[in-house]
Trainee: 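This is the structure, below, for whatever I ask next.
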Amino acid sequence: MEIFFDYLIFTMPDWLRLTLILCLIGINYGAEFFVKRSVSNLYRKTGSAEEAMNKLRIYNQYLLAILQIITIIPLEFMVAKYFTRFGKPGCILFMLLVPFVFLMLVNVGQLLIINQTYKRIRGTTESLFHQIRDIAVSFLLILAPIGIIGTITIFAREINIKSEVLKSIIPVATPIIMIFVINLILPVFYPKLLKAVHLEGERLRELLNELFDQAGIKRPKLYQWPTKEKKAANALVVGLVKPKVFISDYYLENAEPNEIAAIIAHEIGHLKYKHLLKRLLYIVAGLGGIYLAGYLMEWYENYTGREINLYLGLAILLVPFIFYISLGLLKYYRNQEKKADEFALRIGVQPEVMITALLKLARLNHMTTKLKKLDERFQTHPSMARRIKQIEKISGYKYEFHL
Ligand SMILES: [Zn+2]
């Protein structure tokens, strides 16, 4: 195994390195061709955009995304030798720049492969340039904070500190503080990132502001952002301290004012219960847990004089954390969604309006309302069918589906 890694990192000739990297990219393109054919076939057979989009989502989430992660790992090994000549911060920068370029090559290529099919099924008109820009922005938003947190943590570790306690706290405190700082700063850029403008329509603004008053929450800034070309119906709230509410103009155009109010009442629920802060605390608690487990293992080794096997140690640290941060976090998210729906009903949204608002959201996005149980566990939101059932349960109202 060691010989293999040695070869992969150091000895392999450059031409082979380049060929293998191109192969890694090619594998991702090949998978997208397969996905395109499969989704096109389903659409041809059923004529249902919902079903086709659901299949595409499943492929994206469980095949293409995972394939990208799997192919990035050998890539990082194969380019590692070029990093050794940089200092530590330069090394981090390059270790992030390489996956960024790789992910851009893979995702822009995949976009070119699937774009026509996607546009045909959903009837979207978004330009290629805008789509590529969105891909670049979303990867930067993921990779840049990782780079910043990594670099600052390294620098913080090298500060000369006498106190042993402080010395052991800094490596865990720095990333946690940075997570909060980034989450405080990022919302400032959201209006620009989304190209948002202040919400138009005096009456709608009044209607929504009344909702905030009713909930006992300070009126936030209301924005709308352009999504008609990509046909994305959505509403979101960002900001830990000074919240901002965004509604996509594609939804504004297609929904009734009372439906928009219902969706915003749900967002107010997130604000009222401080869901954004709680999500961060959940993640921080996970990081703290890893740190504590590491501390306990060290204590065990010192106390008993026995050494814990390296792989066992890593497994003890990482396996529970990975479950906690994936399935656990998603379950936590879905629970918050349920509570936000409940809140909307509590401040007076009629159950039938809430349900039609959700169904409209699904229809506009060509989203299926029902999900398989296992699939649902990997989603941030419960399926529409589950949310509707929950609303019916709380309110005692029975929705009549007009099919
Ligand atoms: Zn929500």
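Each ligand, and each atom within it, is numbered from 1 in the order the structure gives.
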Trainee: How are the rings of Phe34 and Tyr59 set to each other: parallel, tilted or perpendicular (split at 30° and 60°)?
Mentor: perpendicular

Trainee: In terms of relative ring orientation, are Tyr223 and Phe246 parallel, tilted or perpendicular, with 30° and 60° separating the classes?
Mentor: parallel

Trainee: Quick one: name the protein N/O/S atoms under 2.8 Å from the Zn ion (ligand 1), chain by chain.
Mentor: His266 NE2, His270 NE2, Glu337 OE1

Trainee: Does the Lys NZ or Arg CZ of Arg279 fall within the cation-pi geometry relative to Tyr333 - under 6.0 Å from the ring centre and within 45° of the axis?
Mentor: yes

Trainee: Between the side chains of Glu337 and His270, does any donor sit under 3.5 Å from an acceptor?
Mentor: yes

Trainee: Rounded at 0.5 Å granularity, tell me how far CG in Asn107 sits from CG in Asp134.
Mentor: 12.5 Å

Trainee: Any salt bridge between Asp14 and Arg17, counting N to O under 4.0 Å?
Mentor: yes

